[in-house]
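Scroll down for the structure; my scribbles are underneath it.
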Number of protein chains: 2
Amino acid sequence: MEDSVDVLKLENQLCFPLYTASRLTTQCYQPLLKELGLTYPQYLVMLVLWERDQVNLSYLSEKLFLQSNTLTPLLKRMESMDLLTRDKSLSDERSIVIALTNKGSKLKEKADCIPSKIFDQINLSKEQAEQLYRTLYQVIGELENIKEKCHY
Amino acid sequence: MEDSVDVLKLENQLCFPLYTASRLTTQCYQPLLKELGLTYPQYLVMLVLWERDQVNLSYLSEKLFLQSNTLTPLLKRMESMDLLTRDKSLSDERSIVIALTNKGSKLKEKADCIPSKIFDQINLSKEQAEQLYRTLYQVIGELENIKEKCHY
DNA sequence: ATAATTTATATCGCGCACGATATAAGTGTA
DNA sequence: TACACTTATATCGTGCGCGATATAAATTAT
């Protein structure tokens, strides 16, 4: 970041390359995920469910930093794709349980090769990637903290 | 990034925190940009135009890594907000010239305080921010290169 | 026990973002 | 010169993503 008089120059913004890198990486996923019939946000949902099946919407919301207004339609589409089911929880009727179908579970095998293919395209060294990872989660932590404070 | 057997664990993905940090930072802009009547992508367009007025759509496309299918409606809305004008180029009728209005130009003054406010929220050290910036542009460079190659 | 408050999720409206495609103008080749 | 090809932008359809709000169930307070 150059010491520039004009703070409003595009090249002096930190969030713009963040936004752009995010979009470009998501684009890289598209052809790979197309073979699985998934969009990138759907893929993220699957990652969570492959790791822990039968969760409520809040759990997905917490893990993915996405709200129900985004997740509800997204999960509905995935249900219609027979990847998962959405049922009311027995212990709390306001809550829904999201569970993988067999088809949804089996999709994991096809997804196995994706992370390394993406990583190859990004072409960062392992050290750079780790540093980037840590910084990004630091930013996320900061912004999540701010968000929680704003609720009071 | 942990050495984990399961490459498909959410915590082992690099692009997910990238995606999330991008979304969260964009959210931070919202209340600030709301006062200017702008969305984040519109703000980016303004950054480019404040720096260099009277450009064609391709220029914006190149600078912002956004395509015409995104930019055309976005610019149209900004034209209707009287921030800019879109006119056919005299030298090439396929091309349009996007120029700031007085209202659009003056908005820069109100935007002046935004970058520092955002930077404060992110709360990275200057060194961390610079490192992040460099790495992000490195990723962008890599992925843009791949994209250009895929056109052949 | 009842009312007030909170919580889990859904709905609504709008602005992107993007793959695919269309349209018209400009350029290159035979 | 005419045709083939390329280019600049627009259109189309779909899936998010998000601020704002609604609905119903659960919890808390009185």
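Note that this is a predicted model, so its numbers are computed, not measured. Naming: A, B, ... by sequence-line order, numbering from 1 per chain.
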message: Categorize B:L71 for me: base, sugar-phosphate, or nothing, with a 4.0 angstrom heavy-atom threshold over every strand shown.
response: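 Contact class for B:L71: none.
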Grab the [atom1]-[atom2] distance between [X] and [N] for me, whole Å please.
{"X": "B:L33", "N": "C:dG15", "atom1": "CG", "atom2": "P", "value": "15 Å"}
{"X": "B:Y59", "N": "D:dT7", "atom1": "OH", "atom2": "P", "value": "21 Å"}
{"X": "A:Y29", "N": "D:dC16", "atom1": "OH", "atom2": "P", "value": "16 Å"}
{"X": "B:E62", "N": "D:dT7", "atom1": "CD", "atom2": "C1'", "value": "13 Å"}
{"X": "A:I96", "N": "C:dT7", "atom1": "CD1", "atom2": "C1'", "value": "14 Å"}
{"X": "A:L57", "N": "C:dT11", "atom1": "CG", "atom2": "C1'", "value": "14 Å"}
{"X": "A:L36", "N": "D:dG15", "atom1": "CG", "atom2": "C1'", "value": "17 Å"}
{"X": "B:L32", "N": "D:dG19", "atom1": "CG", "atom2": "C1'", "value": "15 Å"}

- request: Give the C-alpha distance, both sets of side-chain angles, the deciding distance and a yes or no for side chain to side chain contact (heavy atoms under 4.5 Å, CB included) between B:N123 and A:I146.
  value: CA-CA 11 Å; B:N123 206 22; A:I146 290 175; over 6 Å; no
In the structure I gave you, are the side-chain heavy atoms of [X] and [Y] within less than 4.5 Å of one another anywhere?
{"X": "B:N12", "Y": "B:L10", "result": "no"}
{"X": "A:V139", "Y": "B:T20", "result": "no"}
{"X": "A:P17", "Y": "B:I140", "result": "yes"}
{"X": "A:L100", "Y": "A:M46", "result": "yes"}

task: Indicate, with yes or no, if B:V97 and B:V48 share a hydrophobic cluster defined by side-chain heavy-atom contacts under 4.5 Å among Ile, Leu, Val, Met, Phe, Trp and Tyr.
output: no
B:Y137-B:L64 co-clustered via ILVMFWY side chain contacts under 4.5 Å: yes
Without placing hydrogens or testing angles, list every side-chain donor-acceptor pair under 3.5 Å for residues 110-120 of chain B, not counting sequence neighbours.
{"unit_1": "B:S116", "atom_1": "OG", "unit_2": "B:C113", "atom_2": "O", "d": "3.2"}

message: Using a 4.0 Å heavy-atom cut-off to protein, can you give one letter per nucleotide of nucleotides 17-26 of chain C, 5' to 3': B if the base is in contact, S if only the sugar-phosphate is, - if neither?
response: BBBB----BS
query: Heavy atom of residues 45-55 of chain A under 4.0 Å from DNA chain D: which residues?
result: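 Heavy-atom cutoff 4.0 Å gives no residues at all.
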field: Nucleic acid contacts of residues 76-84 of chain A, taken as heavy-atom distances under 4.0 Å to DNA chain D
entry: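 Close to the strand are A:R77.
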Are OP1 or OP2 of [N] and a side-chain N or O of [X] less than 4.0 angstrom apart?
{"X": "B:S58", "N": "D:dT9", "result": "yes"}
{"X": "B:T39", "N": "C:dC16", "result": "yes"}
{"X": "A:S95", "N": "C:dT9", "result": "yes"}

task: Output the distance between atom CG (A:L60) and atom CD1 (A:I98), rounded to the nearest 0.5 Å.
output: 4.5 Å
message: Check for me whether A:R23 meets the cation-pi criterion with A:Y19, that is, NZ or CZ under 6.0 Å from the six-membered ring centre and within 45 degrees of the ring axis.
response: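 Yes, A:R23 sits over the ring of A:Y19.
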query: Which residue pairs pass the side chain to side chain donor-acceptor pair (under 3.5 Å) test when at least one of the two sits in residues 28-37 of chain B, sequence neighbours left out?
result: none
task: Please collect all side chain to side chain donor-acceptor pair (under 3.5 Å) contacts where either partner lies in residues 54-82 of chain A, sequence neighbours excluded, each pair once.
output: A:E79-A:R86
- prompt: From the list D:dT11, C:dA10, D:dC16, which nucleotide is the closest neighbour of the side chain of A:Q42?
  reply: D:dC16
